[in-house]
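Heads up: the structure comes next, in structure tokens.
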Amino acid sequence: MAPAKEQNQKAFRLKRRNWGMAVDEDRCTGCEACVVACHAENNIATVGEEQAARGRAMHWIRIERYYEGTFPDIKVKYQPVLCQQCDNAPCEAVCPTYASYHNAEGLNAQIYNRCIGTRYCANACPYEDRYFNFVNPAWDEPLNLQLNPDVSVRSVGIMEKCTFCIQRIRAAEINAEKEKRQLKDGEFNPACVQSCPTEALVFGDLDDPESRVSRLAKSNRAAKLLPDLGTKPKVTYLRRGSWYDEQNT
Amino acid sequence: MDRRTFLKLSSLGGATAALSACDKSGKLRGQMIRFIPEERLVPGVAIWKTSLCRQCCSGCGLEVRVMEGEAVVTRHGQRGLMQMGLAKKLEGNPEHPVNRGKLCARGHAGLQVTYNPDRIRFPLRRTGPRGSGQYRQVGWDEAVTELSTRLGSISSQGKAGSVAFLTRALRDQRGVLVQRFLAAYGAPPAVRFEFFDDAVLRRANYLSFGRYQLPTFDLARANYVISFGADFLSTWNSVVAQNRGYGAMRQGRPGLRGKFVQVEARMSPTGANADEWVYAKPGSEGLLAVSLAQVMLSERLRPAEAAREAGARIEGWTQGLSDYSPEKVQDQTGVAAARIRRLARELAAHRPAVAIVAGVPLAQTNGLANALAVNALNALLDAVENPGGIFFTPRPPLAYLPSVEESSSAKSLAERILNNPVPIEALLVYEANPVFASPATWHVRETLEKIPFIASFGSFIDETSILADLILPDHSHLESWVDHVPESGSTTAVASVAAPAMLPLHHTRAMPDVLLDVAHRLGPKLDPVESALPWKSYQEMLQSAFEPLRNHAGSVKAQKADDFWSQVQQNGGWWSEQSDPPPKAPATAERSATVVKVAQPELDGDARDYPFNFLPYASQQFGDGSHANLPWMQEMPDVISTAMWSTWVEINPRTAERLSIRQGDLVEVRSQHGTLQAPALLAPGIAPDVVAMPVGQGHEQYGRYASGRGANPIKILCARVEPETGALAWAATRVNIRRVGTRGKLVLFGGALRESPRNYRYR
Amino acid sequence: MNKTPEQINEELLLPLNSTSWRYYLAVAALGMLVLVGFYAWGYQLDHGIGASGLDRPVFWGVYITDFVFWIGISHAGTLISAILRVSNAEWRRPVTRCAEAITVFSLLIAATFPVIHLGRPWLFFWLIPYPSERGIWPQFRSPLLWDFFALNTYLIGSFSFLLLPSFPDFALVRDRSEGWRRRLYGILSLGWRGTPKQWHRLEMAMRIMAVAIIPVAVSVHTIVSWDFAMALVPGWHSTIFGPYFVAGAIFSGIAALIIVMACVRKLLHLEEYLEPIHFDHLGKLLLAMSLIWFYFVFAESLTTWYGNQPSEMTVFWLTRSGSFSPLFWMMVICNAIIPVPILSIKRLRSKIGWTVLASIPIVIGMWLERFLIVVPSLEQNRLPYAYGTYTPSWVEIGITVASFAAMPLLYLLFVKAVPIISIWELKLGQHEKPAEVAAPVPAEEIVQGATASGR
Ligand SMILES: Nc1nc2c(c(=O)[nH]1)N[C@H]1C(S)=C(S)[C@@H](COP(=O)(O)OP(=O)(O)OC[C@H]3O[C@@H](n4cnc5c(=O)[nH]c(N)nc54)[C@H](O)[C@@H]3O)O[C@H]1N2
Ligand code: SF4
Ligand code: SF4
Ligand code: SF4
Ligand code: SF4
Ligand code: SF4
């Protein structure tokens, strides 16, 4: 190899990121834009009434709704739940085929082709954010034309889940590499984050102390979901604030 | 040889590559002809095109991700395969002032309008009896000829005035075009019909502020937001704009978090976000609002004069509203006097504070008074056209502006079609489905069935278009030239426009172009057709409408007309640099004369026989029902109930227990005007004497995903109206409920209701 | 029992030589049920695993229950017979083969379930560590992989354990038959001549196998328990699952053995070989296992309840007083309340009918126990919003019924091919001087039907 070329290759290296997300429960209004955005981006099949009634609906991100109190002193909490991209992911160790594995950027990746459908990972995931193709997904023509060519369509018998829109991550990285520059905070976003009208979802590099997501992760409202399980989730929840009369006076 | 003839030749000759692949039905794709692509894209490389969302009337800006793909398309009546640019994903246009890159769930699902398998793919002529759904495919020429011949003969009989055009509010040049067409033809203006039409609020805003328009809320800068029944984060008004503001109100300002209070009787998706959720009896919200004002006035927290014109609309305002002290209204509203006092003090102390009203309070016989009361409260709080308050979106200086409808849907439908003494000879229907969205007592279907000729521009067979004799299917919004003038959602003037994001899949045509075609065919019969409709195509009309904007300070600066036009399209529209409020309508005698007494609503049905107030509501998934044919919307869990593919009746758990109704039981809901059945949903956030039901399901005819699913609450509503506007008081019906016994179809996505059950056995 | 060797030969080889119409009827009926199971599986292959009642969040259901259940049943055999062999319990002799056969068949049945259960069963071989051109190996951290190895080891081990002591009996059949049967059993008996060397080797092998198979059996069910215990699922994540599962397995295994023995005894007219004393002994073991099982359930319940952890308690109450409580209490009745009194009373225990009466509920109760371990924890895993329910579909029920039919079917076929009581061992036990038995026998003598001990 010509030394010049070698030099050139050494000169640029894309920084490896530690992708994470912050979910602000104080902003989230339960509008579900994220839910449909994810369907559209990731070719998630709609399963139809009969299958949905049998508990087979797939929503990689869902808005959990919890009531507190009784009428009329009632409160509701919305909590968007997607794959927490655990650093210590219970779904990974149990997968016999490495279909659920940890990729170099610390994401819990799902290799559809490798999955044989034991559904062990889904039992192990304490966040219940793994969805299984119980039947072969179908798109009534021409709804198939909506499919995103960047994302593989899953078939019957395999597990799927939120990927942090890995296709968008890859595309951005490839682009940056091509242009020999580092990625900027907020340069691209997963589909749910991009749509969220209240900006309840913030995505970015947790290793970059300046990124919005890493600053939010240090917020005093920050908490993890099921923290005692030691799964080390990369999604941080920002608890709802409360309103005190004194606050503004 | 131009492209058209080339296409024709290639399709006629079938001289195209045979493919070996089979499609799903097992039919050989190779048997299909392959059209020569009309555009060239690099496979696998996405391009972005601007467009506009038409899933509701907010008019959010879109960016459409277009990629090359292979589609079965119709060209010249012939189906074949073509490589073409296909819309793959909708995103918000980051530059657009209304949505700033964001999108709501229904906006995303707009993609499934274009690719809906139930779309009408070519013009249809009815062959069977009305409503049978038997049609035969006809060519466009035949279809347009038939329409123009019909209209021509009606006009030659001197009955042009008996032609009606039924549509929803069109806040774009389509609206202008339709009005001009009707005027030139000699027919009265279009009949606007929408179930949730906001006529009461527009009227109230006109009376209080001189603006016949829905307000824009500056939530981002508000410290205190009180909403009376408005589902402004989920279904009402400019939802994306309001959500953006709400997010900033909560956490956009370090150290400052606004308070949000929601007043309603059934916890809506919006109400679920409130810091304080206040139950008030449906229809008594106006009383609560004036009582809040009374506290501020009596405790001198706010000067009475601040309310100005809006205060003058309320009886007793200048006397300090002494009839509305918290103690006097607490029984009528169901809100304790002490709480009213505290809320009033908080509001006054934490300005900028803003009050929002919509939904149930306005859908009452006292709806206008409720709206005026909240308007007066806003004025008292100095929230009108002040930061953190309400604004009115200025109108852009387009060459032609669509008019804002003056009368309510119910009134115009009744006066112009249902009770019109002159029988309608021909009805043209576009984006309106009154057969679905009207109470059974109106007998809309029966009336329409008597009309000799109905033409529909619908993309789908629905309850109204199935009555049509002729269907001239429109393009989808992604296949059309789209434009829009937002009524609200922005504090600067906005005029959006975009070119088609993709080529049409089917043998459809844009309604405005069809109308222009008809106009030109009618030619001499139209009164000055040349000056009224001088354009050859809708695109041409848009360009001339936008031309004057070039000379105004705005987002697009270009010297040359062509440059301006292409840049406006690329940006998705033009928005003004200034944010001056729009001019107020001059104070008229009529306006100053209006003084309302805020009182209780009148409900339909005796409280003993019909103990529950029945509240239909716009569903998060389907709005007024027009999105029920989209699988993404059907399967999206409603955020409160978590239901998918279902309808339900929301019942308070204690009420349900009393009536031995369990979750999912089939319940019969009976009003004086009809009954329906739906499964029960035990909702902790609904008042014990109220039952609620989402609007949107219960379609008889609306494609495979919507038809025959659930029940339609609109059908059993009473015909009471708000007297001044004639708007349907859709929240004024009382009902009775009972368990029918068998299990209803209720598909829920969510499991338990509570995060930390006090008792582990609780489900 | 006092019979001449010739009588023993005659009576124990009878099933191999004569077949009644009832036999064909039974095979046909069971075969039909098994075919229904295959139809159901075919239907599931066509429609996807969605043909089952499985859903989110209950991703495991009846198939895994069946898997664990049949693995449990398999502990009847090898383990019992190995323990009895090692401890030189003389009464074992007519029992061992009966038990070992159960092991092999229930393992074969059990092994189908992980495949039936897969979303893409046609790719089941990806669980097998074979070198591939892409250098992809299965993941050894996954308990499912441990399962794969444990199951295979156990299957091979127990198959050998069944096969080894069969050689002399195969030779016996060989020597007493003609034509293709002679050739077939000639092959099966692997040239057994009964030379001292052969006897010596067989004995050595059996001694080693008997010792080796015990840890294998224990480890298999321990590993199966780890499929659950390794996951962070409330109600699964428990340290006692290993011994608890093994105890349960032996428990259900013995119960199954008693039932099978009673059937074999009746159907093959072996009343004089399988005597009440055998049932009495097994009944004592069963009683002990029932008490041990109850002890584990109690210990597990008490610690969970005392710990009072919300997610654990959700599952706890779901089974004790929630929607699964009928099944839970039925399990307790089946596994303890019915069998313990029966088996404690010597008068009842020594009657075969009563021990069988105590064993049938145990088999049902242990199936329920497996079901109650698998399903409730998944229905109410951590996040309450994701709670769900599960009802098995006809496909799962069909396949389960087929598995229950497959066991007797395989058994029926087996008793046609192999003497269900180890003839030589029985004779050995009857003889005062085992050494004599082991004396070399000239081949000609065997051909005439006279065995070494029958001289
Ligand atoms: N027309 C045509 N068809 C072909 C071929 C051809 O040459 N022409 N080639 C064939 C061949 S050889 C192959 S290998 C296949 C390839 O076919 P696919 O397996 O569909 O391959 P990709 O296009 O690479 O898409 C894989 C998907 O994985 C996503 N992805 C990337 N990284 C990860 C990750 O870590 N986890 C998860 N879950 N997803 C990830 C990508 O965004 C993408 O959506 O196509 C075959 N099909
Ligand atoms: S949330 Fe669940 S699926 Fe995602 S990494 Fe964690 S354990 Fe795995
Ligand atoms: S279902 Fe697929 S991803 Fe999950 S554990 Fe099994 S093989 Fe791995
Ligand atoms: S990050 Fe992507 S895959 Fe995950 S929920 Fe959001 S849109 Fe879906
Ligand atoms: S889009 Fe944002 S605000 Fe809406 S539900 Fe999702 S996270 Fe919440
Ligand atoms: S609010 Fe939603 S539906 Fe309405 S225009 Fe905007 S994106 Fe479309």
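Letters A, B, ... are given to chains in the order of the sequence lines, protein chains preceding strands, and every chain is numbered from 1. Side-chain atoms are counted along with the backbone in the values below, which use heavy atoms only and exclude waters and symmetry mates.
Nearest heavy-atom pair, B:Asn273 versus A:Cys28, reported as atom, atom and distance to 0.1 Å: OD1-O, 3.1 Å.
Put simply, of A:His39, A:His59, A:Arg62, A:Lys75, the one with the most heavy-atom pairs under 4.5 Å next to chain B is A:His59. Between chain B and the options A:Val47, A:Asn148, A:Ile63, the largest number of non-hydrogen pairs under 4.5 Å is found for A:Val47. Ranked by heavy-atom pairs shorter than 4.5 Å toward chain B, the options A:Ala191, A:Pro72, A:Ala40 are led by A:Ala40. Of all the listed residues (B:Tyr279, B:Trp632, B:Tyr246, B:Tyr224), the one sharing the greatest number of non-hydrogen pairs under 4.5 Å with chain A is B:Trp632.
Residues of residues 194-201 of chain A that come within less than 4.5 angstrom of chain B, heavy atom to heavy atom, are A:Gln194, A:Ser195, A:Cys196, A:Pro197, A:Thr198, A:Glu199 in numerical order. Contacts between residues 125-135 of chain A and chain B, defined by a heavy-atom separation under 4.5 Å, are made by A:Tyr131. Contacts between residues 50-58 of chain A and chain B, defined by a heavy-atom separation under 4.5 Å, are made by A:Ala52, A:Ala53, A:Ala57, A:Met58.
Distance alone, capped at 3.5 Å, is enough to place a donor-acceptor pair between the B:Gln620 side chain and the A:Gly30 backbone.
Salt-bridge annotation for B:Arg65 and A:Asp150: present, with a side-chain N of the basic residue lying under 4.0 Å from a carboxylate O of the acidic one.
Each of B:Gln112, B:Glu635, B:Met644 was compared with A:Thr46 under the side-chain contact (heavy atoms from CB on, under 4.5 Å) criterion, and only B:Glu635 meets it.
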Between B:Gln251 and A:Asp24, is the side-chain hydrogen bond (donor to acceptor under 3.5 Å, both in side chains) condition met? List the steps.
CA-CA 9 Å; B:Gln251 291 295 337; A:Asp24 194 336; 4.9 Å; no
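Contact annotation for A:Ala45: only backbone heavy atoms (N, CA, C, O) come within less than 4.5 Å of a heavy atom of chain B.
The salt bridge (Lys or Arg N to Asp or Glu O under 4.0 Å) check on B:Lys745 picks up A:Glu49, with sequence neighbours excluded.
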